[in-house]
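Structure first, commentary second.
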Amino acid sequence: MRNVIAVYVENKYGVLARVSGLIMRRGFNIDSLTVGETDDPEFSRITITLNGDDYAREQIINQLMKLHNVRNVRLLESGASVERELMMVKMRNTPDSRSEIMAAAEVYRAKIVDYTTDAMCIEVTGEPSKINAFIEVMKPLGIIEICRTGVVALERGSSIMER
Amino acid sequence: MAESKRMTGAQIVIETLIEQGVSDVFGYPGGQVLYIYDELYKASDRIRHILTAHEQGAAHAADGYSRVTGKVGVVIATSGPGATNLVTGIATAMLDSIPMVAITGNVPTSLIGRDSFQEINITGVTLPITKHNYFVSDVNELADTIREAFTIAKSGRPGPVLIDIPKDVQTAECDYTYGHETEAYQQKIADESYIDRAAEIINNAERPYIYIGGGAAGAGMTEDIVALAEKTDAFIGCTFMGLSALPNSYRRFLGMQGMHGRYESSMANKEADVIIGVGVRFSDRATGNTAKYSKHAKIIQLDTDLSEINKNVRVDVGIIGDIVSSFKRILNKCEERKHPEWNRIVDSFILESERISAAAEAKAGDAMTPRKIFDIINEIKDKDTIIATDVGQHQMWTAQYADFERTRRFASSGGLGTMGYGLGAAIGAQIASGDRVVLITGDGSFGMNLNELATAVTYNTPVVIVVMNNGVLGMVRQWQTLFYGKRYSNTVLDRKTDFVKLAEAFGAKAGRATATEEFRKEFYAAMHHDGPYLIDTVIDMDEFVLPMLPPGGSIDDMITVKEQEGM
């Protein structure tokens, strides 16, 4: 089962290593992990997605809560939160594929952010399923390289996570 | 306004340690802690430093110091190899939840990350084996960092904290404001509804079993545990870490359960319909196969660490928060009960246990068995005597046979199972308490860190070292006998070490015992000697630790007797 977990941490020495190291040594695999400063520069927010059953989810949350620099941990329910991911994909730019790539990009509301005679770079944002679908469309058209940010997520509505 | 004074980082380290109530530190000097050692020299009338033979010994000593006092043990080491030598000691403390602060020096910040001489990223190395650790890059943060380290080490579920201080931070100056010993963080108080549910389950129990672990052992809960047992007509068992929490003479206390637990305690655990776990983590060594562990019992678990609830065993009620207050509240809500049938069942387990033991002793005849050795130890030691052990068969015999009469009289590596732990810990425990320590060890374990004999001699610590010498790595050999077709791969120690001469070479007293009465004489002499005394205690290599639950097995698979000849 896929789980999205938000973690508020103090912006301190080694905190990312503490969080990722804990998940690793408890034997769980991270699908993606994103981290960035919050509106308060003393805190960062980490979003972790990982596969695991109820036991794994409960253990990860409880173990994370024990880390000294972790201020709060919350499981984000998929229906009750908004998830987004950003991907950049570099495509071979050939006369044969060019128009198809650009048409697909438009349907997926992707942006062409770099363009040379032999390559173009496309930026696309959305839920992970949309990103995956876009990759499938691009595959036969000549992908050179892909870079994904991993998921960021916020709960819907006005609820906030205590720090 | 609190008094403040301009100081160097090294001075701040010492002042903050003193402020935190530290009177003794263990350690070993080196290039990157020279400034700290210079300040220790100047402050030697206010704080004592105990120099060990090896940093590992210092870490185990700080751990032993903490186990018998409940105070935070402190160890200091230099960068690089000094720091890495602490690793096993820190991990031992982590697995047994022992409060410890380890201070390491490091190369100056300008040399960090350049693979400088004796540079190691010790915060990275110790990340998984500390509760928390710090790299201090600014002298202005040093005092508060040390204070916070002490708070973390002793709060909630205790554990080790490491502080790495580069050399230039030790020489940099700032204003130090005098402070006071910091308090542990307030623990969560469990919700009343959980207490009610627990009390209801206990009130409806017919075969209640109180199961105590390391979390309860030093928490001052003895009276309450006894009170609950009396009120609800329950019996009590413990984990390895729960030893010394209750006097063994107490009728309802059945001793350790689990892989090498006492027959009556493991059987009572299995037959119980309600298990009240207090500061236990249901480790694999205690439960055997968790799929079969007490399947039909209702389990109540009290722990300060929320991640322990449902980690190894699914429980019916998990009570998170301060276990002392939770337990008291449960005690108050429980009603008086009598369970004559349960008493009858447990009595039959005790009888069976005695029968098994008597049969084994009868078979052994006059041979000096572990049982006989402990009978003598129990007879001669007093209630304040501390017992420390290493790891292996001798450790399990200690768990089964040693009598404890009060709390915090036991130092042994439970979770990590660290061979070589004992001598350092024994020295630390002796220095902490001033009481005599009996170290039970084996020739294998003792060989790992016997260099600390030098420390025991230098500080003239009355540590009685009983080396249960069978010439083999007994516990591993026992497994080889049972599960590896008697292929004794590398467990026969064909060494010619003369432990008596060895101890004498270090400057300690020593004697040898090959028969029961010799042991009595030697042990009596050792217990009346002012200083370290080693007894080379020669036992048979085919002695087994029994009962035993085979790995992955349950209590139903318990091995209680050596069924076949030569096994």
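Below, read A as the first sequence line, B as the second, and so on, with proteins coming before strands; counting in each chain starts at 1.
- Around CE of A:M88, the count of heavy atoms belonging to other residues, nucleotides or ligands within 6.0 Å does not exceed 12.
- Heavy atoms from other residues, nucleotides or ligands lying under 6.0 Å from NZ of A:K90 number 12 at most.
- Sparse packing is recorded around CD of A:E100, with 12 or fewer heavy atoms of other residues, nucleotides or ligands lying under 6.0 Å away.
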Hey, what donor-acceptor pairs show up under 3.5 Å between chain A and chain B?
| from | atom 1 | to | atom 2 | distance (Å) |
| --- | --- | --- | --- | --- |
| A:Y13 | OH | B:T123 | OG1 | 2.9 |
| A:R18 | NH1 | B:N133 | OD1 | 3.2 |
| A:R18 | NH2 | B:N133 | O | 2.8 |
| A:R18 | NH2 | B:N133 | OD1 | 3.0 |
| A:Y55 | OH | B:K311 | O | 2.8 |
| A:Q59 | NE2 | B:S307 | O | 2.8 |
| A:Q63 | NE2 | B:S307 | OG | 3.4 |
| A:K66 | NZ | B:D305 | OD2 | 2.6 |
| A:K66 | NZ | B:S307 | OG | 3.2 |
| A:H68 | NE2 | B:E148 | OE1 | 3.3 |

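- Summarising the local packing, CD of A:E106 is surrounded by 12 or fewer heavy atoms from other residues, nucleotides or ligands at distances under 6.0 Å.
- Pairs of residues two or more places apart, or lying in two chains, that qualify as side-chain hydrogen bond (donor to acceptor under 3.5 Å, both in side chains) and include a residue from residues 139-153 of chain A are A:E85-A:R148, A:N132-A:R148, A:E136-A:K139.
- Within the 4.5 angstrom heavy-atom criterion, atoms from both the backbone and the side chain of B:L306 approach chain A.
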